[in-house]
Amino acid sequence: MTLPLVIGNWKMNMLASEACDMARSLVDRLSATEGAEVVVAPPFTSLYPVSQIVKGSRLGLAGQNFCSEKKGAYTGEVSIEMLKDVGCGYALIGHSERRQLFGETDEEVNKKVHLAMQMGITAVVCVGETQDQRKAGETLNVIETQLSGCLAGLSSESIAHLAIAYEPVWAIGTGSNATPDQAVEIHKFIRKFLFGSQGFSEEIGARILYGGSVTPENCKELLGEEEIDGALVGGASLNFESFCAIIKSSLES
Ligand code: PEP
């Protein structure tokens, strides 16, 4: 049985001291809890101090983004090797905020996925449709195009280091989550894409997470769905008790 994966995306929030306090509290709480793979994605400036706190604990560390080039003259960028160097075992790739605000394309996401795999870092690839695309009935086409572009050239074995986060753009940070039925429909479609048309091994597996306004109130029914292997949590992961409640629900489901 694969453990649920719950990732807290702290986005551009918390100073290093706050991130460290939160990480310390999570490490303590997790030491008293069984199961669930729990990961936090602090801002870059907090990765190193937080890595010193999570070392040897059950709390994993993720980068929120990294450069699609390996190294060199890319002022302001951070490489995948740098993420690994500070103890990241995971990296978010292609978050909708990166796509919408910083113009990230499926092609760049694909380059990043390959770099993460080469480093043995679990790539958490985010896909999702906008409200307009959903209204126009384009959701499945959008998801398929994103998956084909983002996962091009991956070998079946590499998907052991892959998680897909289905994050409808209209649900991110809006307080309006997808219903379990809406999420399940897309998760089934993603599963069929991965293990059907792409021919990846279902035995190796890749977890499919839901993200978009997950809260302690709605997580039970979302995470209770067999198709949903975990959650990518933004806003609610900034509050210790809320995030812990979501982690607890993932275990009960
Ligand atoms: C996210 O940032 O990936 C996210 C899902 O945010 P929120 O939970 O705040 O909607």
Side-chain angles (χ1 to χ4, degrees), residues 4-14 18-19 22 26 36-44 46-47 60-66 83 88 90-102 104 106 109 112-113 116 122-131 133-134 139 142-143 146-147 150 162-180 182-184 186-187 190 207-223 225 227-250 253:
L5 172 60
V6 180
I7 306 177
N9 175 14
W10 293 349
K11 309 194 186 191
M12 200 171 73
N13 294 294
M14 292 203 266
E18 297 166 309
M22 180 72 136
L26 285 168
E37 203 172 317
V38 182
V39 174
V40 290
F44 289 139
S46 298
L47 282 174
L61 195 60
Q64 296 177 12
N65 178 41
F66 58 93
L83 292 188
C88 290
Y90 307 77
L92 307 185
I93 308 182
H95 189 280
S96 73
E97 286 152 17
R98 300 293 322 162
R99 292 175 186 264
Q100 294 206 310
L101 304 173
F102 302 99
E104 194 159 306
D106 289 339
V109 172
K112 294 182 185 189
V113 172
T122 295
V124 182
V125 177
C126 305
V127 296
E129 80 289 1
T130 62
Q131 183 74 277
Q133 289 166 333
R134 176 162 279 265
T139 301
V142 169
I143 302 292
Q146 289 176 338
L147 289 172
C150 296
L162 177 71
I164 304 290
Y166 168 54
E167 298 211 300
V169 178
W170 48 270
I172 298 180
T174 59
S176 190
N177 59 288
T179 63
Q182 285 172 324
V184 164
I186 307 304
H187 279 228
I190 295 173
R207 278 169 293 186
I208 307 173
L209 316 180
Y210 168 76
S213 295
V214 175
T215 64
E217 290 73 38
N218 62 26
C219 63
K220 238 184 210 115
E221 55 170 6
L222 283 162
L223 293 169
E225 294 289 349
E227 283 291 329
I228 301 180
D229 303 323
L232 178 51
V233 187
S237 72
L238 298 173
N239 178 288
F240 176 66
E241 289 304 338
S242 298
F243 193 44
C244 287
I246 293 169
I247 295 165
K248 192 161 175 270
S249 281
S250 78
S253 55

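The chain is numbered in sequence order, starting from 1. Side-chain atoms are counted along with the backbone in the values below, which use heavy atoms only and exclude waters and symmetry mates. Start at 1 and go down the list; that is how both ligands and their atoms are numbered. Quick caveat: nothing in here was measured; it's all calculated off a predicted structure.
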among protein heavy atoms, the one nearest atom 9 (O) of ligand 1 is Gly235 N, 2.8 Å
Answer with yes or no whether Ala236 contacts ligand 1, where contact means a heavy atom under 4.0 Å from a ligand atom. no
I need the nearest protein heavy-atom contact for atom 8 (O) of ligand 1: residue, atom name and distance, please. Gly234 N, 2.8 Å
Can a non-hydrogen atom of Ser96 be found less than 4.0 Å from any atom of ligand 1? no
For Tyr166 and His187, take the angle between the two ring planes, folded into 0 to 90°, and tell me which bin it lands in: parallel under 30, tilted 30 to 60, perpendicular over 60. perpendicular
Distance check, rounded to the nearest 0.5 Å: Leu222 atom CG versus Thr215 atom OG1? 8.0 Å
If we set the cut-off at 4.0 Å for heavy atoms, which region of Asn9 has an atom near ligand 1: side chain, backbone, both, or neither? side chain
Protein heavy-atom partner closest to atom 5 (C) of ligand 1 - residue, atom, separation in Å: Glu167 OE2, 3.0 Å
Would one find an N or O of His95, backbone or side chain, under 3.5 Å from an N or O of ligand 1? yes
Within the 4.0 Å heavy-atom shell around Ala171, which atoms of ligand 1 are there? 10 (O)
Run the numbers for me: atoms of ligand 1, each under 4.0 Å from some heavy atom of Leu232, listed by number. 3 (O), 5 (C)
Is a donor on one side and an acceptor on the other found under 3.5 Å between the side chain of Arg134 and the backbone of Thr139? no
Heavy atoms of other groups near Lys11 NZ, more than 12 under 6.0 Å: yes
May I ask you to test the Asn9-Gln64 pair for a side-chain heavy-atom distance under 4.5 Å? yes
When rounded to the nearest 0.5 angstrom, what distance separates CD in Glu129 from CD1 in Ile186? 6.0 Å
Gly212 neighbourhood, listing ligand 1 atoms whose heavy-atom distance to it stays under 4.0 Å: 5 (C), 10 (O)
For Gly173, counting its heavy atoms only, list the atoms of ligand 1 lying under 4.0 Å from any of them. 7 (P), 9 (O), 10 (O)
Between CD1 of Ile164 and CD of Gln146, what distance do you get to the nearest 0.5 Å? 10.0 Å
Rounded to the nearest 0.5 Å, the CZ atom of Arg98 sits from the CG atom of Leu92 at a distance of 10.5 Å
